[in-house]
Each structure stands twice: as structure tokens, then as C-alpha cells.
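Written out below as C-alpha cells is the structure these notes cover.
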Amino acid sequence: MTGTGVGPELIRLNGVNASYDHQLVLQDVSFHVHEDQFTGIVGPSGAGKTTLLRLLLQTLEPVAGTVWREPGLRVGYVPQLESVNWNFPITVFECVLMSRKSSRLRPWASPSEKARVFAVLDRLGIGDLAERHIRELSGGQQQRMFLARALLRQPQVLLLDEPTSGVDISTRHDILHLLADLHEDGMAIVLTTHDLNGIATHLPHLVCVNKSIVGEGTPSDVMTSEVLERTFGARMEVLEHLGVRLVVDEAPSPYTPGTRI
Amino acid sequence: METLLEPLGYAFFQKGLIVASLSGAILGLIGVYIVLRGMSYIGHGLAHSIFGGFAAMQLFAAKFYAIGAGLWGILSALAITSVTKRSRVGADAAIGVITIASFALGVALFAKFGTSGPSFENALFGSILGITTGQIVGLVAVTVLTASFVFLRYRALLFSTFDPDVAAVSGVNVGRIEAALMVVLSLAILATLTVIGVTLVAAMLVIPAVIARMLTDSFGRMLAYSTLIGTLCGLVGMYTSYYADVPSGTMIVLVGAALFIVVLATTGGSGLRRSAGLDSHSEDLVSK
């Protein structure tokens with residue numbers, strides 16, 4: 001799997017503009033999701049990363065351009081942890097079960113549904129937490145729970161909004177490997193991140209966004225000072241360490257000797 | 001035992017007991033969604049709004065006042081949603097303007113033209129006197145409708161309450177389920193108005209659900225507990241109303257409030273922590 005997307009097309013945005021309250025957030029964006037793709041959408045806060053995800057999810061209508069999705073496409077979505085009401089009375093099991101097929105009318109889970117929920121939870125290593133309230137989980141466990149909810153629908157495409165925001169380095173590492181495994185199993189993955197060194201540089205394909213698409217390609221293609229400056233509006237130096245690109249902010253720290261008046 | 005059996009000798013009390021229990025159950029059940037969606041103020045506003053429709057229909061179509069008041073409530077709910085979505089007016093302000101204006105209209109109509117149905121005071125605070133078989137049938141019908149709605153649309157209701165964005169992606173028609181919830185809420189308020197009263201019905205939407213939330217972290221158990229607590233408040237409230245000789249609605253609410261204090265004292269910090277943030281996202285959910 002290359003991760004850059006050469007398989008059949010699943011979602012296509014063509015020349016799309018998106019806005020909130022008549023304020024343009026994305027302009028002339030063309031973006032394709034292929035069956036074997038693993039893409040990170042990078043950009044600063046307010047660049048339109050989540051808006052791009054919402055267009056892919058079709059929860060936001062474009063004001064110009066077209067959005068096409070393969071008919072019957074199964075899409076899984078993992079929201080930002082910050083957007084969740086953690087006081088909601090719900091256990092891990094109830095949360096995952098929520099995404100079962102809508103044709104079933106009975107509120108309780110059938111034995112086969114129970115088995116499927118536990119199979120997904122076990123795969124993600126949180127099977128023993130099924131009866132816990134969602135607030136009692138750590139950041140990494142919460143992320144895994146929402147992944148489990150998305151995976152229960154056996155999606156062809158998995159979209160994640162800042163999946164490593166607010167988690168520690170070890171958890172970030174685990175999540176990245178988990179996503180790589182899912183991609184190996186044949187799932188297309190698109191995630192947003194503003195974490196260049198922790199996430200973006202380890203992904204096979206990146207799209208840099210700042211109101212429009214500024215650059216697209218492998219980390220070697222787009223993690224350059226020029227593309228990053230156009231994306232983030234700040235000078236950045238790019239170093240290479242053990243074949244991995246690392247980004248260093250060139251702006252001096254206020255505590256660097258000689259920079260404070 | 002004598003205390004329990006003696007009032008049952010009266011037909012009006014038997015009817016009142018049925019209506020109060022069903023009212024408590026139905027408001028407890030639907031109240032879970034109202035509280036978790038941060039819509040408690042909508043419940044309060046709708047009860048007042050329906051009062052306006054109730055008074056107006058007494059004048060123009062007394063035979064069909066229940067249908068008219070129900071439609072009035074549903075239209076008010078849709079108007080609140082529409083005003084909130086289309087303008088920069090917040091949901092609480094929209095509720096304040098639309099529903100309280102409707103209530104004021106009801107008060108004016110009552111004052112000017114009087115009523116052929118329940119008295120002004122009974123409409124405000126609830127009464128078990130004069131409950132008709134038709135009202136009981138109506139309440140049973142609304143109870144069956146509400147229970148069926150919650151049972152058959154369990155996943156969609158839970159998903160759209162917890163996470164409307166992901167629900168929409170997962171095949172839930174969030175707009176339709178929210179509109180249906182508003183309709184069921186309007187009908188539940190209308191059906192329970194006679195026994196609980198306009199000013200107190202919102203309390204019974206909130207109290208059982210909040211107590212249930214303090215007792216459990218599971219959504220399924222919260223639904224069951226809230227329904228049972230609502231029923232219990234209805235039953236005990238009816239008996240205390242009979243013996244204290246005060247309006248039924250006030251005693252039902254006071255029993256609920258007393259139970260809240262007991263549960264709060266028993267569960268302490270864990271109960272408070274569970275019920276924290278129940279209304280933290282009301283505007284988001286109302287305006288979606």
C-alpha cells in the first residue's frame with residue numbers, strides 16, 4: 001500500500017467553495033479520496049481542515065463546485081475529543097453500540113451485536129472497559145472508543161478530526177500504528193492534524209491547507225520551508241533526521257538570550 | 001394500609017391516580033432527552049405556550065381544544081427552532097418571546113371571556129377534579145405514542161442527543177428526529193397539563209431525569225429510572241395532595257423535589273458530578 005491513492009476513487013471534491021455565514025472558508029478546493037489512501041490534512045487553526053472533512057462527510061453543502069461519493073459508500077468518522085460532552089450518561093459499550101445498523105428497531109443489543117462490539121473493543125485493547133463511563137477513560141482510551149464506534153460500521157473510508165490532539169506521546173504513537181494497521185487492512189484514511197513532527201511527517205501523503213490547497217504530496221514533497229510558510233504564514237526550517245523530516249520554528253523564543261528588550 | 005385504600009373509594013381519586021402515574025411516567029421518560037439536550041427551558045416555554053392555545057381554543061372551538069392547543073404548541077416549538085436558526089436571536093430569547101407572549105395571550109383571553117373548561121387556577125396548578133374518561137384515553141394514547149417513539153427510535157434519539165454530527169454521518173436524519181421529539185414533547189405536555197398544571201409541568205420534565213442522572217452513568221438505566229421516579233412522584237404526590245388538600249400538581253412536584261434532596265444527600269459528590277453540565281450545550285443543540 002502506497003498511501004498516496006492510486007486505487008478506485010471513493011470521494012471527489014471538484015472546485016469546491018465552502019462558507020459559514022457568507023464568509024468563505026475554503027476556496028476552489030479539489031480533493032480526491034482513493035481506496036488505498038492514507039492522507040493527513042495539515043494547516044493552522046482556522047485554515048479549513050475540519051471544513052474539508054465536513055465536505056467529505058457531506059454534512060456541509062458547498063456553495064460552489066461539486067462533491068461526488070461512491071453510491072453506498074460506508075464512511076466512519078471520529079470527532080475531536082474536545083467536542084464531546086463527557087458528562088453524558090453513557091458507557092463505552094453503549095457508545096460503540098450506537099453506530100450499529102439503523103434497521104434494527106429493538107433498543108437492546110442482540111447476542112451477535114454484543115459479540116461484534118466486544119470483538120472491536122478487544123481489537124483496540126479496551127474490551128475490559130466496556131461497562132465504564134466514558135469520562136473514566138484516558139485520552140488514548142477515549143480515542144480508541146470512538147475508533148471502535150466508527151469501525152463497527154465496517155467503513156471503507158475513515159475520517160478523523162485531530163485524532164492525536166491532547167494525548168501524550170506514547171498514545172500518539174499507538175494511535176498512529178493502529179491507523180497504519182487499519183490502512184494495511186484496506187481502509188482509506190483521512191485525518192486532520194496541526195502536529196507536523198508528531199504525526200504529519202510519518203504519514204505517506206499530505207495535503208497542506210490554508211483556505212485553499214497550498215501543497216500536496218509525500219512529506220518530502222510538501223514539508224519544505226516554502227510550502228510550510230505559505231501554509232502556516234511563518235518561517236520554518238526543515239531538518240532531516242534518520243530519513244524523517246522535522247520542522248523547526250524559525251521565530252525566536254522570547255526567552256532566547258538577546259531577543260528580549 | 002387504610003391510608004392507602006381510603007381515597008381509592010372515590011372515583012375521582014382513582015382517575016386522578018391513573019392520570020398522575022401516567023403523567024409522571026411520560027414526563028420522566030421524555031424528560032431524559034429534554035434534560036440531556038439542554039432543552040429544559042423549551043419544556044417550560046412550551047407549557048406556557050400551550051396554555052395560550054388552550055385559552056384561545058376554548059373560545060373558538062371548545063370541542064376541539066385539545067387538538068387546537070396541541071397544534072398551537074407544535075407551531076410554537078417549530079417557530080422557536082426557526083427563529084433561532086434564521087436570526088441571531090439566541091434560543092433562550094426566542095423561547096422567552098414566543099412562548100411567554102402566547103401565555104400572556106392566554107391570560108388575557110381567560111380574563112376577558114372566561115372558560116367553559118378547567119378554571120384558570122386549575123389550568124395553572126393542576127387538578128384531579130373533573131377528569132373525564134376522554135382525557136384518560138387521550139393520556140393513554142400519548143403514553144403509548146411516546147413509549148413507542150422512544151422504543152422504536154432508540155438508537156436515532158440517543159445518537160442525535162449525544163453526537164448529532166456523527167449521527168448524521170451514520171444515517172440518522174437528525175432534523176426529522178428532532179422535529180418528531182418536539183411534536184411528542186408538545187403532546188406529552190398537553191396530555192399532562194390538566195393534572196400537573198401549566199406552571200409545574202416543566203418541573204416534572206426535569207426533576208425525575210436529574211435524579212436518575214445522579215443515580216447512574218448508563219443511558220439505558222437513566223431512561224428506566226427516570227420513568228419509574230416520575231411514576232412514583234405521581235403516585236405519592238396524589239396521596240399527599242388528597243390528604244393535604246392542595247392542588248395535585250404542587251404536591252407531585254414537591255414529592256419530586258424532596259426525592260431530589262434525599263438522592264443528593266445520599267449520593268453526595270458523585271451525584272452532583274454526574275448531573276454537572278446537563279445544560280452546557282443547549283444553544284448548540286437547539287440551533288442545529
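Below, read A as the first sequence line, B as the second, and so on, with proteins coming before strands; counting in each chain starts at 1.
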Winner by heavy-atom pair count (cut-off under 4.5 Å) against chain A, out of Ala212(B), Ser218(B), Ala168(B): Ser218(B)
Max heavy-atom pair count under 4.5 Å with chain B, selected residue of Glu136(A), Arg132(A), Glu94(A): Glu94(A)
Phe146(A) side chain reached by Val166(B) side chain, heavy atoms, under 4.5 Å: no
Residue Val84(A) versus chain B: region with a heavy atom under 4.5 Å: side chain
Heavy-atom contact with chain B under 4.5 Å, split by part of Leu97(A): neither
Heavy-atom proximity to chain B below 4.5 Å, by part of Phe93(A): neither
For Thr216(B) against Pro89(A), the heavy-atom pair lying closest together: O-CB, 4.5 Å
Glu61(A) CD: over 12 foreign heavy atoms closer than 6.0 Å: no
Aromatic ring pairing Phe151(B)/Trp108(A), orientation class (parallel under 30°, perpendicular over 60°, tilted between): perpendicular
Val169(B) vs Thr59(A) side-chain heavy atoms within contact, under 4.5 Å: yes
Exam field: side chain Arg155(B) to backbone Arg100(A), donor-acceptor pair closer than 3.5 Å: yes
Largest heavy-atom contact set with chain B, pairs under 4.5 Å, which of Gln58(A), His133(A), Arg74(A), Met98(A): Met98(A)
Heavy-atom closest contact (Ser99(A) atom, Phe159(B) atom, distance): CA-CE1, 3.9 Å
Under 4.5 Å from a heavy atom of chain A, the part of Tyr154(B) involved: side chain
Side-chain touch Ser170(B)/Tyr77(A), heavy atoms, less than 4.5 angstrom: no
Segment of Arg149(A) engaging chain B (4.5 angstrom heavy-atom cut-off): side chain
Residue among Ile90(A), Ile134(A), Thr91(A) with most heavy-atom pairs under 4.5 Å to chain B: Ile90(A)
Between Asp163(B), Asp217(B), Val172(B), Val32(B), the one whose heavy-atom pairs under 4.5 Å with chain A are most numerous: Asp217(B)
Point-to-point distance, once rounded to the nearest 0.5 Å, from CE of Met222(B) to CZ of Phe88(A): 8.0 Å
Interatomic distance, Asp165(B) atom CG to Thr50(A) atom OG1 [nearest 0.5 angstrom]: 10.5 Å
